[in-house]
Each structure stands twice: as C-alpha cells, then as structure tokens.
Amino acid sequence: MDKIETLIKEQQLKDQFDNLEKHTQWGIEFVEKYNKFVKERSEIEINYAKQIRNLSKKYQPKKNSREEEESKYSFCRAFFTTLNELNDYAGQHEVIAENLTSQIFVELTRYLQELKAERKTHFHDGRKAQQYIESSWKQLESCKRRFERDCKEADRAQQYFEKMDADINVTKADVEKARQQAQMRHQMASDSKGDYSSYLQKFNQEQNDHYHTIIPNIFQKLQDMEEKRIERIGACMKAFAEVDRQVLPIVGKCLDGMTTAAESIEPKTDSQQVVESYKSGFEPPSDVEFEDYGQAMKRTVSENSLSNAKEGKEKPAGKSKPKLWPFIKNKNKLSLKLGSGPEDFSHLPPEQRRKKLQGKIDDLNKDIHKEMDQRDALTKMKDVYIKNPQMGDPTSVDPRLTEIAQNIEKLQAEVQKFEGWLAEVEERMPSKSDSHRRSGLYETQSNIAVSNNCAQDRESPDGSYTEEQNTETQVKANINPTPNPNTIPTTMPDDEEFDDDDEPLATIGTCKALYPFEGHNEGTIAVAEGELLYVIEEDKGDGWTRVRRNQDEEGYVPTSYIEVNLEPNAKDS
C-alpha cells in the first residue's frame with residue numbers, strides 16, 4: 001500500500017513539473033511577442049517621422065525670387081512656420097522610436113536571456129531532485145527484497161536442520177552442518193534486516209525533505225520568476241505609454257506654434273501689400289466729352305460750316321486715349337517680341353517706377369558705405385605701416401585706395417543720376433489727397449493696362465500715354481546680358497511681327513535652359529533650369545528668343561538664359 005501511494009505521489013509531482021514547464025515556456029514566448037510588438041511600433045514611428053520630414057522638406061521655400069516675394073505675405077509666412085513646426089513634430093516621433101528601443105526593446109531582450117537561463121536552472125534542479133528521490137526509492141526496494149530473500153532462506157535452513165536433527169539415520173556430522181547453515185542464514189537475515197531498517201529511515205528523511213523542502217523551494221523560485229516576469233511586462237507597458245506622454249508637451253508646443261502662425265494671418269495687411277506692389281500711381285482718366293456729330297445737320301452746307309465741323313472733330317481727337325494691353329495677337333497666337341526694360345524704369349507706372357528707383361538708390365548707398373568702410377580700414381592699415389615700417393610698406397596700400405576712391409566717385413554719380421529720375425517721378429505723381437480717392441481695383445487695372453506698354457511711351461501732361469520717343473531714355477537703355485529673373489520684357493514688336501497665319505512656325509533648333517525663368521508677362525513662357533525646348537525664332541538683336549515646349553505652349557525667353565543649338569540649314573539661311 002505504501003508503495004502504491006509513493007508511486008502515485010511521484011506521478012503527480014512529475015505531472016506538476018510538466019505543467020509548470022509548459023506554462024513558464026508560454027510566459028517566455030509572451031515576452032518575446034510583446035518585445036516584437038514594441039520593435040514594430042518603433043519602426044512605424046521612424047517611418048512616420050521620415051515621411052513627415054520629407055513632406056516638410058518638399059514644401060519648404062526654394063531659394064529664388066518668387067519665394068522671397070511670397071515671404072512678405074502673412075499667410076505664406078504662416079505656412080512656412082507650420083512646415084518648420086511640422087519638422088519639429090517629426091523629431092518628437094523619432095524621440096518616441098528611440099526611447100521605445102532603448103527603454104523597452106533592448107532591456108526586454110537582455111531580460112529574456114536572463115529569464116531563460118533562470119528557468120533552465122530551476123527545472124534542472126527539480127529534475128535532479130526527482131531523479132535522486134527515485135534512485136533512493138529503488139535502493140530502498142532493493143534492501144527490502146534482499147531482507148525478504150534472506151528471511152526466506154533462513155526459514156528454509158531452519159526447517160532443514162530440524163528435519164536432519166529428527167532423522168536417526170543421519171550422521172551427527174550432517175546434523176552439525178545443517179545447524180551451522182541455519183545459523184548462518186539467520187545471521188544474514190538479521191544483517192539484511194538492519195540494512196533495510198537503516199536505509200528505510202534514511203529514505204523517509206530524504207522523502208520528507210524532498211516533498212516538504214526541496215520541491216517546494218523549487219516551486220517557490222518558479223513562482224517568484226513568474227511574478228517578476230509579469231511585473232516586468234507591466235512596467236514595460238507603463239513605459240510604453242510614458243514614452244508617448246513625455247513628448248506630449250513638446251508636441252503641444254509644435255501645435256501651439258501652428259495655431260499661433262495661423263492666427264497671425266492678416267488678410268487686410270496682405271491685400272494692402274498687393275495694392276502697394278501693383279499700385280500704378282496714374283491719375284484716373286477724365287470724363288469723356290460728348291462729340292456732337294449732329295451739328296452739321298442743323299446748318300447749311302458751306303465752307304464755314306465744314307471748317308467748323310472739322311475743327312470740332314479735330315479738337316477731341318487731340319486727346320490721346322490710353323493704350324490698350326499691347327500683347328494683342330490674332331487668332332490667339334503669341335507672336336510678340338520682348339526686350340529688356342530701360343535703366344530709368346520708364347516703362348513702369350509712376351508708383352512702381354518710384355519704388356524701383358528708390359530701391360536702386362538704397363542699394364547704391366549700401367555699396368558706397370561698403371567702399372567707405374574698406375577705405376577706412378586701409379587708411380588705418382597705412383597709418384600702422386607708417387608708424388611701424390617693419391610691418392609693411394605704406395605705399396603698397398595706395399593703389400587699392402585709389403581704386404576705392406574711383407569706385408565711390410562712380411557710385412555717387414550713379415546715385416545722383418537715379419535721384420534725378422526719382423525727383424522727376426515724384427514731381428509728376430499726383431498728390432496724396434488725390435491718391436486717397438482712388439480705388440485700389442482701378443490702380444491694379446491701370447498697372448496691368450499700362451505697365452506693358454513699350455519703353456518709349458511717355459506720360460503726357462494730361463495723364464494719358466503718347467507715342468513720342470524720349471531720346472534720353474533711348475540713350476540710357478541698358479540691355480543687361482546677366483541673368484535676372486526680375487527683368488520685365490516690355491519692348492513692343494514691329495507690326496510685321498504679328499503673325500496672322502494659323503500655321504505654326506517651323507523648328508530651327510533646340511536650346512537648354514541655363515537658369516529658371518518664371519515668365520509672368522504675357523508673351524513669355526516659364527522654363528525650368530535644365531529644361532530642353534525647341535527654337536522657332538532666333539534672337540534678332542533685342543535679347544529674346546522664341547521657343548516652343550509643345551504644340552500649344554510657346555513664347556519668348558531671354559537669350560542669355562538659354563544655350564542655343566541651331567540646325568545647320570537654319571544657320572546658313
């Protein structure tokens with residue numbers, strides 16, 4: 001009965017070890033799964049931050065005049081601020097990814113190795129204790145069987161001796177031999193009984209230790225290991241949330257920056273910027289006078305009446321009408337040839353001309369100050385050389401001082417020239433009281449209608465445009481071959497330049513754009529740096545070449561902006 005109970009206990013203990021082994025292995029697999037989850041979340045944050053940065057970079061302003069022009073509007077500045085804040089926002093997601101990796105993934109990976117080693121040690125100790133108690137049980141069974149066998153042998157020897165002793169036919173020597181054999185067997189049984197009793201006591205102690213101390217200790221260690229694992233998982237889950245929580249203040253500041261930028265948009269200021277940029281400064285046209293062509297019908301036909309009628313018709317005709325938009329084409333075809341504006345900006349409306357001249361004067365004054373600073377520095381250097389000849393030759397500075405003095409003189413002459421033109425413009429511009437009565441819409445329309453007239457058109461005393469050519473403007477006209485994307489093409493083509501034919505011009509070569517050109521004026525075409533186009537009309541000396549992108553897109557670009565490759569037959573012709 002005791003043997004059966006022991007076997008049952010051993011089997012139950014073995015089953016418990018198997019269950020614990022499966023459960024702890026599942027716990028390790030759960031930690032590995034959670035660690036993989038953290039790693040994938042970190043990769044998502046990295047990729048998201050990368051996409052956000054690329055998006056912000058894609059819409060960042062490029063270094064060109066157009067973007068600089070846009071930066072003066074509050075809504076453009078707000079958008080640029082939003083892009084910068086978005087870039088910082090992406091940086092916070094990179095921080096999340098970095099903290100997830102360093103605080104959770106790396107630590108869990110290390111902990112997993114320790115957990116596997118600890119689990120292996122505990123189950124190794126449990127199996128070792130199980131094997132030891134099983135071995136002790138087998139030894140106890142062996143002692144018990146030997147004691148049982150010796151007892152049976154002693155009984156048989158005693159019965160044999162008694163039988164021999166009762167038989168009168170047996171010799172005394174055989175009886176003595178049987179007696180000695182019985183005594184020996186009894187002694188062996190007595191020894192086996194002692195061994196069995198001693199080992200049984202030892203086994204019971206070991207079994208008690210095994211079931212009450214060793215195995216419970218191993219089970220307790222496994223339980224502690226499991227509790228630490230669960231506690232570690234909980235700490236990681238908390239850290240997972242705290243990593244996000246830590247960046248929330250900075251993310252909030254980024255969003256606050258976006259909100260502040262949006263709230264800084266000023267529609268009225270932006271619209272006023274547009275008004276200031278395109279305000280022409282022209283006087284509104286006077287009322288159109290009534291021309292009474294019916295007077296001739298009320299009078300008799302005579303020389304006097306005819307002459308009066310002619311005079312009446314000639315008088316209103318003396319007033320010149322404002323010129324219409326010059327880029328008029330027949331059958332919606334671009335056929336205007338454009339050129340560079342004059343040096344005095346006389347092709348611009350008065351207000352825009354005044355701003356350009358003032359800006360030019362400011363730039364020249366800055367250059368003068370730079371030259372003066374260089375002159376002062378060289379003068380101090382010369383004084384040092386005079387006082388300390390060993391440091392340098394004083395006369396070596398003189399050529400540079402002479403050159404600077406000449407540069408200052410030239411710049412001052414340029415300033416005087418532009419100041420004269422500025423004074424001329426300011427004298428012709430209407431008073432401020434009149435300008436307040438003008439409509440901003442009308443000023444914009446006047447700018448569009450007049451700013452594209454030819455460079456030789458001058459303003460007449462009554463505010464309208466005439467076709468008289470200004471000799472001074474023609475002499476001072478400067479065609480600058482240096483690429484300048486702000487140059488406004490304004491030269492009018494001759495009458496024969498307008499094409500009345502529907503047939504498109506033949507291609508005479510190709511060209512490559514060396515610089516970007518935005519082509520805001522009608523008759524021009526926008527090109528990107530490095531773009532390949534077809535040449536359909538050569539530069540005729542005015543600095544503009546006519547090109548085509550496709551069947552429907554063609555126009556003029558500055559010749560200095562492109563590298564032209566004409567076909568051989570085109571060059572010969």
Side-chain angles (χ1 to χ4, degrees), residues 30-113 231-271 273-274 485 513 515-518 520 526-531:
F30 181 86
V31 176
E32 291 175 340
K33 180 173 69 173
Y34 182 79
N35 206 29
K36 184 180 179 183
F37 160 76
V38 173
K39 180 181 179 182
E40 291 181 0
R41 163 72 191 279
S42 177
E43 292 172 351
I44 289 174
E45 293 292 339
I46 286 289
N47 293 332
Y48 179 67
K50 182 178 180 181
Q51 291 176 359
I52 291 293
R53 285 195 183 277
N54 290 339
L55 179 66
S56 176
K57 183 179 179 181
K58 177 180 178 181
Y59 287 93
Q60 284 288 346
K62 304 299 185 298
K63 300 298 182 180
N64 56 46
S65 59
R66 179 62 181 169
E67 296 297 342
E68 293 174 0
E69 181 73 13
E70 289 180 356
S71 63
K72 68 182 181 181
Y73 298 112
S74 63
F75 61 89
C76 293
R77 293 195 300 271
F79 179 57
F80 298 153
T81 301
T82 299
L83 293 177
N84 293 332
E85 294 292 349
L86 192 64
N87 195 55
D88 295 340
Y89 176 82
Q92 297 312 306
H93 284 276
E94 292 175 344
V95 172
I96 291 176
E98 181 180 351
N99 290 341
L100 287 175
T101 301
S102 61
Q103 297 180 18
I104 300 179
F105 179 76
V106 174
E107 292 297 323
L108 269 186
T109 301
R110 182 181 57 81
Y111 173 70
L112 273 169
Q113 301 301 322
E231 182 181 2
R232 191 63 173 265
I233 285 292
C236 290
M237 290 182 178
K238 184 178 179 180
F240 184 85
E242 288 299 322
V243 165
D244 264 350
R245 195 187 307 278
Q246 289 172 2
V247 302
L248 285 180
I250 303 178
V251 170
K253 289 182 180 179
C254 295
L255 298 177
D256 291 342
M258 296 180 190
T259 302
T260 303
E263 292 173 349
S264 67
I265 295 176
E266 300 176 349
K268 291 186 180 296
T269 303
D270 290 346
S271 63
Q273 289 273 11
V274 178
Y515 312 97
F517 177 66
E518 298 187 1
H520 292 307
V527 295
E529 182 178 350
E531 184 177 0

As an exercise, state the distance from [atom1] of [X] to [atom2] of [Y], rounded to the nearest 0.5 Å.
{"X": "F517", "Y": "E531", "atom1": "CZ", "atom2": "CD", "value": "12.5 Å"}
{"X": "I265", "Y": "E263", "atom1": "CD1", "atom2": "CD", "value": "10.0 Å"}
{"X": "Y73", "Y": "S271", "atom1": "OH", "atom2": "OG", "value": "10.0 Å"}
{"X": "L86", "Y": "L255", "atom1": "CG", "atom2": "CG", "value": "9.5 Å"}
{"X": "E32", "Y": "L108", "atom1": "CD", "atom2": "CG", "value": "10.5 Å"}
{"X": "Y34", "Y": "F240", "atom1": "OH", "atom2": "CZ", "value": "6.0 Å"}

So, E45 and R41, do they make that salt bridge, N to O below 4.0 Å? yes
Set of side-chain hydrogen bond (donor to acceptor under 3.5 Å, both in side chains) partners for [X], sequence neighbours left out:
{"X": "E94", "answer": "R53"}
{"X": "D256", "answer": "none"}
{"X": "Q51", "answer": "none"}

Taking side chain as C-beta onward, heavy atoms only, is Q60 less than 4.5 Å from N84? yes
Can you confirm whether Q92 sits close enough to I96 that some side-chain heavy atom of one is under 4.5 Å from a side-chain heavy atom of the other? no
Applying side-chain contact (heavy atoms from CB on, under 4.5 Å), can you list everything that pairs with T109, at least two apart in sequence or on another chain? N35, F105
State which residues pass side-chain contact (heavy atoms from CB on, under 4.5 Å) with E266; sequence neighbours excluded, sorted by chain then number. S74, T269
Shortest non-hydrogen separation from [X] to [Y] and the atoms involved:
{"X": "A90", "Y": "A49", "result": "O-CB, 3.3 Å"}
{"X": "E107", "Y": "Q103", "result": "CG-O, 3.6 Å"}
{"X": "A261", "Y": "A78", "result": "O-CB, 3.2 Å"}

Tell me whether S56 contacts the main-chain N or O of I52 through its side chain, where contact means a donor paired with an acceptor under 3.5 Å. no
Donor-acceptor pair, distance only, cut-off 3.5 Å: does the side chain of T82 make one with the backbone of M258? no
Residues forming a salt bridge (Lys or Arg N to Asp or Glu O under 4.0 Å) with E43, sequence neighbours excluded: none
What's the verdict on side chain to side chain contact (heavy atoms under 4.5 Å, CB included) for K58 and N54, showing C-alpha distance, side-chain angles and the deciding distance? CA-CA 6 Å; K58 177 180 178 181; N54 290 339; over 6 Å; no
From the options K33, E40, K39, select the one residue that forms a side-chain contact (heavy atoms from CB on, under 4.5 Å) with K36. E40
